[in-house]
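Presented below is the structure to which this report refers.
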Amino acid sequence: TAPAPQSVERGGTAEEPAEAPTKEGHTFLGWFAGDAQEAYDFETVLTGDLTLTAKWQILTYKVTFDTDGGSAAPAEQTVNWNAAATKPADPTKEGFVFAGWFAEGAETAYDFSTPVKADVALTAEWTPITYTVTFDTDGGSTAPAPQTVEWNGTAEGGCGGCTGESASVLIAMLSAALIAVGFRKP
């Protein structure tokens, strides 16, 4: 609420209100007369009616990004109170798919339309790329169950009951297939 109007005799001075006003998301800079660039000096002798207006500076907050081992982090953003941060380009990380930007402790990705009202630190979350390895015994004994292997990982075991030349051929075929889809031994 605005301070009560004051009646001041000619040649007197206005009294500065005891309490500064408040406005969410802003800092009070002082009382200003008209288009003045400096706050009103309450020692000024009045020669007529005067309207003083509160001047405000909007608060700004930092939005920071950590790629958690991925490509270079996006630049820090300075965002005005109640405005939204700008979603940066997705980072990359070998062997992983970018799952989104997450605030500490959040279970869902950050919503870039959310009004910023405090500093925000966002960290990239990653999902490992996985491949399914299926074994074909080419008419031999029962094949082992398919395996899910993370990028740059290795499949477990051999081909069950395969022996001799058929096992070697199967391993060679499996190695060639894995190399073709981007697998490399660590």
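- Residues passing the ring-ring contact (aromatic ring centres under 6.0 Å, His included) test with F65 are W101, sequence neighbours excluded.
- Listed for the W126 side chain is a donor-acceptor partner under 3.5 Å among the backbone atoms of T67.
- A search for side-chain hydrogen bond (donor to acceptor under 3.5 Å, both in side chains) contacts involving S113 returns D111, not counting sequence neighbours.
- Cluster partners of F102 are absent, since no Ile, Leu, Val, Met, Phe, Trp or Tyr has side-chain heavy atoms less than 4.5 Å from it.
- Looking at residues two or more places apart in sequence or on another chain, you find no salt bridge (charged side-chain N to carboxylate O under 4.0 Å, His left out) involving K117.
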Audit row: I58, W56, side-chain contact (heavy atoms from CB on, under 4.5 Å) steps and yes/no: CA-CA 6 Å; I58 194 163; W56 304 97; over 6 Å; no
Please report, to 0.1 Å, the donor-acceptor pairs under 3.5 Å made by any side chain of residues 70-98, with sequence neighbours excluded.
| unit_1 | atom_1 | unit_2 | atom_2 | d |
| --- | --- | --- | --- | --- |
| S71 | OG | T92 | N | 3.0 |
| Q77 | OE1 | T86 | N | 2.8 |
| Q77 | NE2 | T86 | O | 2.6 |
| K87 | NZ | D90 | OD1 | 2.7 |
| K93 | NZ | D68 | O | 2.9 |

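- A155 approaches V149 most closely through the heavy-atom pair CA-CG2, 3.9 Å.
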Can Y131 and Q147 be said to form a side-chain contact (heavy atoms from CB on, under 4.5 Å), step by step? CA-CA 8 Å; Y131 301 98; Q147 297 177 27; over 6 Å; no
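- Looking at residues two or more places apart in sequence or on another chain, you find a ring-ring contact (aromatic ring centres under 6.0 Å, His included) between Y110 and F112.
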Identify each donor-acceptor pair in which a side-chain atom of residues 27-48 lies under 3.5 Å from a protein atom, sequence neighbours left out, and give them as a table.
| unit_1 | atom_1 | unit_2 | atom_2 | d |
| --- | --- | --- | --- | --- |
| Q37 | NE2 | D35 | O | 3.2 |
| D41 | OD1 | E43 | N | 2.9 |
| T44 | OG1 | D41 | O | 2.8 |

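- Applying the salt bridge (charged side-chain N to carboxylate O under 4.0 Å, His left out) test to every pair with at least one member in residues 12-33, sequence neighbours left out, gives no pairs at all.
- The distance from atom CG of L122 to atom OG1 of T64, rounded to the nearest 0.5 Å, is 6.5 Å.
- Listed by first and then second residue, the salt bridge (charged side-chain N to carboxylate O under 4.0 Å, His left out) pairs that reach into residues 121-131 come to none, sequence neighbours excluded.
- A distance of 11.0 Å separates CD of E104 from CG of D66, quoted to the nearest 0.5 Å.
- At least one donor-acceptor pair closer than 3.5 Å links the side chain of D119 to the backbone N or O of K62.
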